[in-house]
Amino acid sequence: RQLRQAQKLEAIGTLAGGIAHDFNNVLSLILGHGEILEQLLPEEHPGHLNVEKIIKAGNRGAAMVKQILTFSKQVELEQKPIAIGPAIADALELIRVSLPATIEVRHQVDEECGIVMADATQIHQVVMNLCANAYQAMGRRSGVLELTLARVDIESPKLGDVGRVEPGTYACLTVKDKGHGMDQHTMQRIFDPFYTTKTPSEGTGLGLSTVHGIVSSSNGAILVRSVLHEGTQFEIYLPLVEDLDEYHPAVEEPAINGAESILFVDDDEEIVQMTGQMLRQLGYKPALFTSGAEAIEAFQERPDAYAVVITDLIMPECTGMDVARDIMAYRPNMPVILISGFAEGVNPRQVKELGVAAYLTKPISSKKLGTAIRSVLDNPTAIL
């Protein structure tokens, strides 16, 4: 059974990797045209709010793709300082629409709780998994799911079911249900991968092991209280970051506009047209190509005409790596930015070792693109 579950996870990863590139191209078009339209419409325009909703939905889709790739071990997410309150509130919105009307969700979320070192997508995973378990524990009957987030001060150590809560200040996420509860034998195994008391159609036994891994990687702890036939309560403790400057020093907002000539190549004609419009809005003068070979030929004819080369990674016949390699062989110090919707086995560190100035993943906003261009031009030694 465990082997079958492992094969399912591998299959999810293969499927996710296969569709991620094309799906991220679609999201790039949705978000890119949305941003362009948002800038063209005045705020008082009746369609401005609709454009904002389109962009928000596109970003949510991008986050879902990233979450699937992360869970299936296709990509790794970096932890960074995030406001835990808004992240929990966002996940709560998804919970509301995914649970049946028989389940009442009571919540009290302190959105000013503080900053933790984590990843917002993984925080969503924690909330979704705990709430899904709570709902399934209550079965088909009506019930109450309680979720709270509060800032707590711990004065004496607590030994958790996962980790240890040392004295300090924490964000405490509590998820409580009035379901069937658990006996001691079940309590001892709930964090084991593939262990589940559910039917095959209800779960895989990976939910709580995922929560375990995420909380542990954030130096947090989990306390579980459960009484058979009465219900279960999970308490997640994540240490709050008090000195934010240590992790995220204040910096000036980087410039994103410019006036240089940019060579851009992508085999998707719609992506090329949209990115060209985006670059022009930022003030740049783009030369646009849908063929890597044609882009290389144009560069060799006028090697000093371009300040930056931006190329998609996955292209037929002549890939982005081929473009980068040929251009840097012709002009070694030429800044090249590589873009991809998904590339298995390729990460920013490997790309930089090959001499590429920056590596970006789709979908890409105009701000992200403009920031990358200015970074490689104004500070060539910076690592993106």
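Heavy atoms only: backbone and side chains are in, while hydrogens, waters and symmetry mates are out.
Looking only at atom types and distance, the side chain of N25 has no donor-acceptor partner in the side chain of S28 under 3.5 Å away. Side-chain contact of D267 with T290: a donor-acceptor pair under 3.5 Å is absent, judged by distance alone.
Within 6.0 Å of CZ in R164 there are more than 12 heavy atoms belonging to other residues, nucleotides or ligands. Within 6.0 Å of NZ in K285 there are more than 12 heavy atoms belonging to other residues, nucleotides or ligands. At most 12 non-hydrogen atoms from other residues, nucleotides or ligands lie less than 6.0 angstrom from NZ of K53. The environment of Y284 atom OH is dense: over 12 non-hydrogen atoms of other residues, nucleotides or ligands sit within 6.0 angstrom. Annotation for E260: atom CD counts as buried by contact number, over 12 foreign heavy atoms lying within 6.0 Å.
When all heavy atoms are compared, the tightest approach of D304 to R331 is CA-NH1, 3.9 Å. Between A171 and I84 the shortest heavy-atom distance is CB-CG2, 4.0 Å. Between L288 and P286, the closest heavy-atom pair is CD2-CB, 3.7 Å. The two residues Q300 and Y330 come nearest to each other via the heavy atoms O-OH, 3.5 Å. L240 and R151 make their closest contact through CD1-NH1, 3.5 Å (heavy atoms, listed as atom of the first residue, atom of the second, distance). Closest approach of V323 and G292 over heavy atoms only: CG2-CA, 3.7 Å.
Between F299 and L263 the shortest side-chain heavy-atom distance falls below 4.5 Å. A 4.5 Å side-chain heavy-atom check between I55 and H33 finds every atom pair outside the cut-off. Side chains of L92 and V127 form no contact here, defined as non-hydrogen atoms less than 4.5 Å apart. Here the side chains of L149 and Q108 are not in contact, with every heavy-atom distance at 4.5 Å or above. Side chains of E38 and E52 form a contact here, defined as non-hydrogen atoms less than 4.5 Å apart.
A salt bridge is defined here as a Lys NZ or Arg NE, NH1 or NH2 lying under 4.0 Å from an Asp or Glu carboxylate O, and R225 with E235 meets this definition. Using a 4.0 Å cut-off between charged side-chain N and carboxylate O, D266 and K362 make a salt bridge.
Looking at H45, its side chain does come within 3.5 Å of a backbone N or O of G47 through a donor-acceptor pair.
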>> Is there a side chain to side chain donor-acceptor pair (under 3.5 Å) between E35 and S366? Walk through the geometry before answering.
In response: CA-CA 7 Å; E35 285 188 354; S366 58; 3.1 Å; yes
>> L145 vs K176, test: side chain to side chain contact (heavy atoms under 4.5 Å, CB included). Steps then yes/no.
In response: CA-CA 6 Å; L145 190 159; K176 185 177 181 181; over 6 Å; no
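Interatomic distance, CG of L29 versus CG of D268, reported as 6.0 Å (0.5 Å rounding).
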